[in-house]
Amino acid sequence: MGQKGEETRGKLLDATQRLIEAGGYFNAGLNQIVAASGAPKGSLYFHFPGGKDQLIEEAVRRGGEEISTLLADAEQASREGGTAEMLAALLDVLGDRLERSDWRKGCPVATVALEMAADNTTLQKACSEVYASWEDALADLLESDGHPAPLSTATAALALIEGALMLARTHRSREPLDRAARTLALLV
């Protein structure tokens, strides 16, 4: 695929990510995706022959990779402070991201997971794999810090982060993220 094809594919994925993160699976209709991307409609099926579900799946995985990168960056930035400092830095970055998007960009996986996990095996699997990768990364950090229950604590930390993002988005306030950071410091 040439550079123009990659650019078109990227525009379609960017638009899909924005739409699903702001409003979920049902907000990301094919016409909305085409309009938001500026790509020709024929390009959608050329790049995503599996249609909407393939596009949504790839957008969820791509969004998951972006958060994984934020997680790795936060880890690098706070290596001396341990996992609690890293989680506080991650929540701060997620808060910045959420606020810059006018409270639309919370978790790139949550809305799709809530809407589709019960009825769409492909999307359920994609969401599950993204969440598992984040849990594993957190568990690895906790284990390297010598935490006695790294996987259970990673699951609790991820649940707390996800809930704090939802509350921050709902209240249009960073306060839930700040409280979550303080709670995570006690937990880890």
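The analysis underlying the following values was restricted to heavy atoms, covering all of them including side chains, and did not include hydrogens, waters or symmetry mates.
Residues in residues 123-132 take part in these salt bridge (Lys or Arg N to Asp or Glu O under 4.0 Å) pairs, two or more places apart or across chains: Arg61-Glu129, Lys125-Glu129. Residue pairs meeting the salt bridge (Lys or Arg N to Asp or Glu O under 4.0 Å) criterion with at least one partner in residues 20-30, sequence neighbours excluded, are Glu21-Arg97. For residues 106-121, the side-chain hydrogen bond (donor to acceptor under 3.5 Å, both in side chains) pairs, not counting sequence neighbours, are Asp53-Asn120.
Looking at heavy atoms from C-beta onward, Arg62 lies out of side-chain contact with Thr16 at the 4.5 angstrom threshold. Side-chain contact between Thr122 and Gln54 is absent, with no heavy-atom pair separated by less than 4.5 Å. With contacts defined as side-chain heavy-atom distances shorter than 4.5 Å, the pair Asn27/Ile20 does not qualify. Between Ile67 and Pro108 there is a side-chain heavy-atom pair separated by less than 4.5 Å. Gln124 has its side chain out of reach of Met116: every pair of non-hydrogen atoms, C-beta onward, lies at least 4.5 Å apart. Using a 4.5 Å cut-off on side-chain heavy atoms (C-beta onward), Trp134 and Ile161 make no contact.
With Gln32 contributing its side chain and Gly29 its backbone, the two residues share a donor-acceptor pair below 3.5 Å. With Lys11 contributing its side chain and Glu6 its backbone, the two residues share no donor-acceptor pair below 3.5 Å. A distance-only check finds a donor-acceptor pair linking the side chain of Ser68 to the backbone of Gly64 [under 3.5 Å]. Judged purely by atom type and a 3.5 angstrom limit, Asp145 has no side-chain atom pairing as donor or acceptor with the backbone of Gly82.
Of all non-hydrogen atoms in Lys52 and Tyr25, the two that sit nearest each other are NZ-O, 3.0 Å. Arg169 and Gly106 get closest at one heavy-atom pair: NH1-N, 4.3 Å. Summarising the geometry of Cys107 relative to Tyr131, their closest heavy-atom pair is SG-OH, 4.0 Å, with the distance given to 0.1 Å.
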Arg9 vs Glu58, salt bridge (Lys or Arg N to Asp or Glu O under 4.0 Å): CA-CA, chis, key distance, verdict = CA-CA 11 Å; Arg9 190 175 203 289; Glu58 289 191 37; 2.7 Å; yes
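A salt bridge does not link Lys105 with Glu66: none of the charged nitrogens is closer than 4.0 Å to a carboxylate oxygen.
No chain of hydrophobic side-chain contacts below 4.5 Å, direct or via other Ile, Leu, Val, Met, Phe, Trp or Tyr residues, connects Leu98 to Leu167. No continuous path of ILVMFWY side-chain contacts below 4.5 Å connects Val112 to Met166, so the two sit in separate hydrophobic clusters. There is no path of hydrophobic side-chain contacts, each under 4.5 Å, that joins Leu165 to Leu114.
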Listing, residues 148-157 side-chain donor-acceptor contacts under 3.5 Å, not counting sequence neighbours, or none:
residue	atom	partner	partner atom	Å
Thr153	OG1	Ala149	O	2.8
Thr155	OG1	Glu135	OE2	2.5
Thr155	OG1	Leu151	O	3.1

What pairs of donor and acceptor atoms, side-chain ones from residues 176-188 against any protein atom, are under 3.5 angstrom apart with sequence neighbours left out?
residue	atom	partner	partner atom	Å
Arg179	NE	Glu175	OE2	3.3
Arg182	NH2	Glu175	OE2	3.2
Thr183	OG1	Arg179	O	3.0

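Atom CG of Leu87 is separated from atom CG of Leu160 by 9.0 Å, given to the nearest 0.5 angstrom. Atom CE of Met86 and atom CG of Leu91 lie 9.5 Å apart (nearest 0.5 Å). Taking SG of Cys127 as the start and CD of Glu57 as the end, the distance is 9.5 Å to the nearest 0.5 Å. Here the straight-line distance linking atom CG of Asp136 with atom CG of Leu158 works out to 10.5 Å at 0.5 Å rounding.
With Phe46 as the aromatic partner, Lys41 does not meet the cation-pi criteria of under 6.0 angstrom to the ring centre and within 45 degrees of the ring axis.
When hydrophobic residues (I, L, V, M, F, W, Y) are linked wherever their side-chain heavy atoms come within less than 4.5 Å, the members clustered with Val34 are Leu12, Leu13, Leu19, Leu30, Ile33, Leu44, Tyr45, Phe48, Leu55.
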